[in-house]
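Let me begin by presenting the structure, written as structure tokens, before commenting on it.
None of the values given here were measured: they were computed from a predicted structure. Atoms within each ligand, like the ligands themselves, are counted from 1 in listed order.
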Amino acid sequence: MALGGTEVTDPGPRHIAIIMDGNGRWAARRGLSPSAGHKAGAERIRDLLSACRNRGVKVLTLFAFSSENWQRPPKEVALLMRLFHSYLRKEARRMCDEGVRLRVIGRRDRFSLRLQRAIAEAEEITCGGEQGDLVIAADYGGRWDIAQAARRLAEEVADGKRTVESIDEEAMEGQMQLADLPPVDLLIRSSGEQRISNFILWQAAYSEFFFTDILWPDFGEAALDEAIALFKQRDRRFGGRAGADDSAVPV
Ligand code: IPE
Ligand code: IPE
Ligand code: MG
């Protein structure tokens, strides 16, 4: 989200994705209901967004509600929907002022029409943002994402717009969510769980992972800095051999 000019010297992540986990346990430790944890968790997002912007991160993708989270108790789901709605209503204007473009990825058709409208309005209000992107994954599943990409390509074949032979990784990539944004450099999960829980399965192929025991409502700038510092120490080889000088090194 920061403005450019630092790319050459700054090896920091351009795109961070976060699985915001641990709201329930944060609340339980205080004798509170999960709802209190979700409220506290939602409160973290504003500061985190500006912390990312100040650190040169151009895209922040947040996993807010998975396609499996519908299995939660109806009251909890309803509270999460209300929080999402009020977040969009409250924050869209501020994001617009700060030049942040908002995008929501995931299925939308299972949300109420009111929530679908709020999503569309927030995206519309912020669409001119050029300082960075905030992506909220809601009713999102990595398997859904892959399946919808495959379906779109199949439709193009059925319509005679492409051949079966033209379907390759690049064609799939073009249909995946986030395809137009920089690759996810760093994937963070809070709360101590070390799994991907059907988040960005395709896009995380070469992401660096950072797991922290911190529960999401306690995740602040210090945790973000730790994640970024560790990211900077990683040797990203992408399957190659770092520092290889092809002529001098015996095979
Ligand atoms: C993450 O917190 C928020 C959502 C899944 C919406 P959890 O509610 O999963 O928190 P824990 O895992 O129960 O602590
Ligand atoms: C993943 O967390 C989804 C979000 C953070 C939105 P969950 O708490 O739902 O994942 P599991 O159940 O621990 O795998
Ligand atoms: Mg959880």
CA sep, side-chain torsions, deciding dist, call: Ile136, Ile45, side chain to side chain contact (heavy atoms under 4.5 Å, CB included): CA-CA 11 Å; Ile136 298 183; Ile45 296 174; over 6 Å; no

Verdict with supporting geometry, Gln177 and Arg103, side chain to side chain contact (heavy atoms under 4.5 Å, CB included): CA-CA 10 Å; Gln177 307 291 309; Arg103 176 188 308 186; 5.7 Å; no

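Among His15, Arg14, Arg236, the single residue meeting the side-chain hydrogen bond (donor to acceptor under 3.5 Å, both in side chains) criterion with Asp185 is Arg236.
Nearest heavy atom pair, residue Gly41 against residue Trp216, reads O-NE1, 3.1 Å. Pro13 and Ile228 make their closest contact through CD-CG2, 3.9 Å (heavy atoms, listed as atom of the first residue, atom of the second, distance).
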Identify all pairs of nitrogen or oxygen atoms, one from ligand 2 and one from the protein, separated by less than 3.5 Å, and list them with distances.
| residue | atom | partner | partner atom | Å |
| --- | --- | --- | --- | --- |
| ligand 2 | 8 (O) | Asp21 | OD1 | 3.2 |
| ligand 2 | 8 (O) | Arg72 | NH2 | 3.3 |
| ligand 2 | 9 (O) | Asn69 | ND2 | 2.9 |
| ligand 2 | 9 (O) | Arg72 | NH2 | 3.3 |
| ligand 2 | 10 (O) | Arg189 | NH2 | 3.3 |
| ligand 2 | 10 (O) | Ser197 | OG | 3.4 |
| ligand 2 | 13 (O) | Arg189 | NH2 | 3.4 |
| ligand 2 | 13 (O) | Arg195 | NH2 | 2.8 |
| ligand 2 | 14 (O) | Arg195 | NE | 2.9 |
| ligand 2 | 14 (O) | Ser197 | OG | 2.6 |

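When the Mg ion (ligand 3) is compared with the N/O/S atoms of Asp21, atom OD1 turns out nearest.
Judged by distance alone, with hydrogens and angles left aside, the side-chain atoms of Glu221 form no donor-acceptor pair with the main-chain N or O of Ala51 at under 3.5 Å.
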